[in-house]
Amino acid sequence: MKVPYFDLKMQTSAIRGELERAIATQLDDCSFCLGPAVAQFEKSFATYCDASHAVGFNSGTSALHVALRILNAKPGDEVITTPMTFVATSWAIVYTGAIPVFVDVDPLTANIDPAKVEAAITSRTIAVMPVHLYGQPCDLDPLLEVCRKHSLPLIEDAAQAHGARYKGRKIGTFGAMSGFSFYPGKNLGACGEAGALVTNSEAFAKRAKALREHGSTERYYHDEIGYNYRMEGIQGAVLNVKLAHLDTWTKRRREIAHRYHEKLKGLPLTLPIEPDYAESVYHLYVIRHPERDQIRDHLTKCDVGSALHYPLPVHLQKCFDYLGHKKGDFPGAEMVADQCLSLPIYPELTDEQVDYAADSLRSYFS
Ligand SMILES: *Cc1c(COP(=O)(O)O)cnc(C)c1O
């Protein structure tokens, strides 16, 4: 038996007819940048998130960047975020000239530790940007409480958490704005790059639409410096097709996660936990163990794919040398980075594959 870490071909071939028809319509209409398919997707995705507005972007990074532009982030401002994430969370901050101020994660969830946020707030702080890492909502209530106390907006990096719930309510509208990614490997993925900014504020949605389109609301009149961050028409059409399948796929991801949990409990591993407040969409299934590299080699020998999310926390990345961080600054994030191991989790996996992956892992310990 072979269990590839990820295989997008199975998803694509299962819905190939639908995708081809949707893409063919775009070719007929020649609406390649924004257009009716993107407008339709924005409407459907807003409904999906129980939000008033979703604005289509060419990537999740762009959506998060524009969210901070809307808050008028400027050089010298500080944005509080997590060091345990894909680096793009911090890109959004540094693109505005602002400085990422890291707060360590709770090692149990790998999400930002709300209890540590207040101590990181200064007079230059303009926002708090947590991440729902691996598809697991972070603990939003205590974060929002600190934000309210200091009159700070919260921006959710929801790139990995389409449809995840916090205390029963979908993530994406807990803060002022949120950024979603539709990178092909995400739970909802385009056939290319795409993202969305989600908000309940009409004013923010309007500004997001102007900023993604060269800073203009009227063609060839540019009120502020903007970007070419538009979603492509073909991606909107693809996302309309795939959004209809998302709940089925998420249900299967959760089934797989529970199957892993049942098969792996009792082993000397740290398994993902789902706190009472969270309903995870399991973008990733990340276990932890100090012998991570040896376990990974063992799985490779068994033909079970795996991956690392992420092997080096953001504060230790070379590109952020200028921030002056060192090993030991954020021990929670560093421990997660050293011990994390992502097992295959995607809707097309069979129960037999999941069992084989779990049994292979078990055999490391026997
Ligand atoms: C994927 C991802 C992003 C960036 O999204 P892109 O669409 O690839 O630009 C941002 N943050 C997190 C946590 C991500 O996983």
Check your understanding: Would you call D77-K74 a salt bridge at under 4.0 Å N-O?
Key -> yes

Review point. Just wondering, more than 12 heavy atoms not from R169 lying within 6.0 Å of its CZ?
Key: yes

Review point. Is a side-chain donor or acceptor of T25 paired with a backbone partner of R21 at a separation under 3.5 angstrom?
Key: yes

**Study point:** E224: partners by salt bridge (charged side-chain N to carboxylate O under 4.0 Å, His left out), with sequence neighbours left out
**Key:** R69, R207

Check your understanding: Is there a side chain to side chain contact (heavy atoms under 4.5 Å, CB included) between L271 and Y285 once you walk through the steps?
Key -> CA-CA 8 Å; L271 300 178; Y285 189 87; 4.1 Å; yes

Review point. Okay, side chain of R288, backbone of P107: is any donor-acceptor separation there less than 3.5 Å?
Key: yes

Practice item. Please determine, by modelled atom types, if S342 and H309 share a side-chain donor-acceptor pair under 3.5 angstrom. Key: yes

Review point. In this structure, are over 12 heavy atoms from other groups packed under 6.0 Å from Y322 atom OH?
Key: yes

Review point. So, does Q339 use its side chain to make a donor-acceptor pair with the main chain of V336 at under 3.5 Å?
Key: no

Check your understanding: Judged by modelled atom types alone, do H132 and Q160 share a side-chain donor-acceptor pair under 3.5 Å?
Key -> no

For residues 174-185, tabulate all N or O donor-acceptor pairs below 3.5 Å that involve a side-chain atom, not counting sequence neighbours.
{"unit_1": "S178", "atom_1": "OG", "unit_2": "G172", "atom_2": "O", "d": "2.7"}
{"unit_1": "S181", "atom_1": "OG", "unit_2": "Y183", "atom_2": "N", "d": "3.1"}
{"unit_1": "S181", "atom_1": "OG", "unit_2": "K186", "atom_2": "NZ", "d": "3.4"}

Point to revise | Selection residues 2-12 - residue pairs positive for side-chain hydrogen bond (donor to acceptor under 3.5 Å, both in side chains), sequence neighbours left out | key: Q11-K242

Practice item. Identify, with sequence neighbours excluded, every residue that meets side-chain hydrogen bond (donor to acceptor under 3.5 Å, both in side chains) alongside D106. Key: none

Check your understanding: Within the distance-only criterion (no hydrogens, no angle test), does the side chain of N200 pair as donor or acceptor with the backbone N or O of S52 below 3.5 angstrom?
Key -> yes

Practice item. Indicate, with yes or no, if I287 and Y310 share a hydrophobic cluster defined by side-chain heavy-atom contacts under 4.5 Å among Ile, Leu, Val, Met, Phe, Trp and Tyr. Key: yes

Review point. Within the side chain of Q317, is there an N or O that forms a donor-acceptor pair under 3.5 Å with the backbone of L312?
Key: yes

Practice item. With rounding to the nearest 0.5 Å, note down the distance linking OG1 in T250 to NE2 in H283. Key: 11.5 Å

Point to revise | Contact check, side chains of L323 and I99, non-hydrogen atoms, under 4.5 Å | key: yes

Review point. So, H298 and S363: side-chain donor and acceptor under 3.5 Å apart, yes or no?
Key: yes

Exercise for review: Just grab all the salt bridge (Lys or Arg N to Asp or Glu O under 4.0 Å) pairs involving residues 117-145, residues at least two apart or on different chains.
Suggested key: E78-R124, E118-K149, D141-K167

Review point. For T82 and T85, what are the C-alpha separation, side-chain angles and deciding distance, and is it a side-chain hydrogen bond (donor to acceptor under 3.5 Å, both in side chains)?
Key: CA-CA 7 Å; T82 165; T85 178; over 6 Å; no

Check your understanding: Excluding sequence neighbours, so at least two apart, what forms ring pair (Phe, Tyr, Trp, His ring centres under 6.0 Å) with Y134?
Key -> none

Check your understanding: With side chains defined as the heavy atoms from C-beta onward, is the minimum distance between V101 and T125 less than 4.5 Å?
Key -> no

Check your understanding: Are L133 and L140 linked, directly or through other ILVMFWY residues, by side chains that come within less than 4.5 angstrom of each other?
Key -> no

**Study point:** Derivation of the side chain to side chain contact (heavy atoms under 4.5 Å, CB included) call for C191 and Q235
**Key:** CA-CA 6 Å; C191 292; Q235 304 312 337; 4.0 Å; yes

Review point. Under 3.5 Å, is there a donor-acceptor pair between the side chain of D104 and the main chain of G332?
Key: yes

Point to revise | Candidate pair Q294 and Y364, rule side-chain hydrogen bond (donor to acceptor under 3.5 Å, both in side chains), full reasoning | key: CA-CA 9 Å; Q294 294 93 304; Y364 175 84; 4.9 Å; no

**Study point:** Heavy-atom donor-acceptor pair, R292 side chain to A337 backbone, under 3.5 Å
**Key:** yes

Practice item. Working to the nearest 0.5 Å, report the span between OH of Y277 and OH of Y166. Key: 6.5 Å

Check your understanding: Quick one: do Y48 and V281 end up in the same hydrophobic cluster if we chain Ile, Leu, Val, Met, Phe, Trp and Tyr together by side-chain heavy atoms under 4.5 Å apart?
Key -> no

Exercise for review: Return each pair, listed once, that meets salt bridge (Lys or Arg N to Asp or Glu O under 4.0 Å) where at least one residue sits in residues 40-56; pairs must be two or more places apart or across chains.
Suggested key: E42-R212

Check your understanding: Listed by chain and number, what are the salt bridge (charged side-chain N to carboxylate O under 4.0 Å, His left out) partners of R252, not counting sequence neighbours?
Key -> E255, D351

**Study point:** Any donor-acceptor pair under 3.5 Å from R253 side chain to I345 backbone
**Key:** yes

**Study point:** Partner set under salt bridge (charged side-chain N to carboxylate O under 4.0 Å, His left out) for D247, not counting sequence neighbours
**Key:** none

Exercise for review: Check the pair T199 / I70 against side chain to side chain contact (heavy atoms under 4.5 Å, CB included), numbers first and verdict last.
Suggested key: CA-CA 12 Å; T199 182; I70 289 171; over 6 Å; no

Review point. Which residues satisfy the salt bridge (charged side-chain N to carboxylate O under 4.0 Å, His left out) test with D113, sequence neighbours excluded?
Key: K116

Review point. Hey, are the side chains of V55 and V198 touching, using non-hydrogen atoms and a 4.5 Å cut-off?
Key: no

Check your understanding: Is it the case that H65 and Y229 place a side-chain donor and acceptor less than 3.5 Å from each other?
Key -> yes

Check your understanding: With the threshold set at 4.0 Å, does a side-chain nitrogen-carboxylate oxygen contact exist between R254 and E274?
Key -> yes

Check your understanding: Between K209 and E213, is the closest basic N to carboxylate O distance under 4.0 Å?
Key -> no

Review point. Passes ring pair (Phe, Tyr, Trp, His ring centres under 6.0 Å), H325 versus F330? Steps please.
Key: CA-CA 9 Å; H325 290 297; F330 303 104; 5.4 Å; yes

**Study point:** Any side-chain heavy-atom pair of T89 and W91 under 4.5 Å
**Key:** no

Check your understanding: Mind checking whether V314 and L308 sit in one hydrophobic cluster, side chains of I, L, V, M, F, W, Y counted as touching below 4.5 Å?
Key -> yes

Review point. Which pairs count as salt bridge (Lys or Arg N to Asp or Glu O under 4.0 Å) when at least one residue sits in residues 172-185, sequence neighbours excluded?
Key: none

**Study point:** Flag, side chain of N111 to backbone of Q136, donor-acceptor distance under 3.5 Å
**Key:** yes

Review point. Are V117 and I155 joined in one hydrophobic group, where the rule is that I, L, V, M, F, W and Y side chains link up if heavy atoms are under 4.5 Å apart?
Key: no

Check your understanding: Which pairs with one or both residues in residues 326-340 pass salt bridge (Lys or Arg N to Asp or Glu O under 4.0 Å), sequence neighbours excluded?
Key -> K326-D329

Check your understanding: Is there a donor-acceptor contact under 3.5 Å from the side chain of S44 to the main chain of Q40?
Key -> yes

Point to revise | Check against side chain to side chain contact (heavy atoms under 4.5 Å, CB included), L197 and V66 | key: CA-CA 8 Å; L197 183 153; V66 160; 4.1 Å; yes

Practice item. For the pair H289 and F365, evaluate ring pair (Phe, Tyr, Trp, His ring centres under 6.0 Å) and give the outcome as yes or no after the intermediate values. Key: CA-CA 12 Å; H289 193 278; F365 295 99; 5.4 Å; yes

**Study point:** Minimum-distance pair of heavy atoms, taken over all atoms of I126 and A73
**Key:** CD1-CB, 3.5 Å

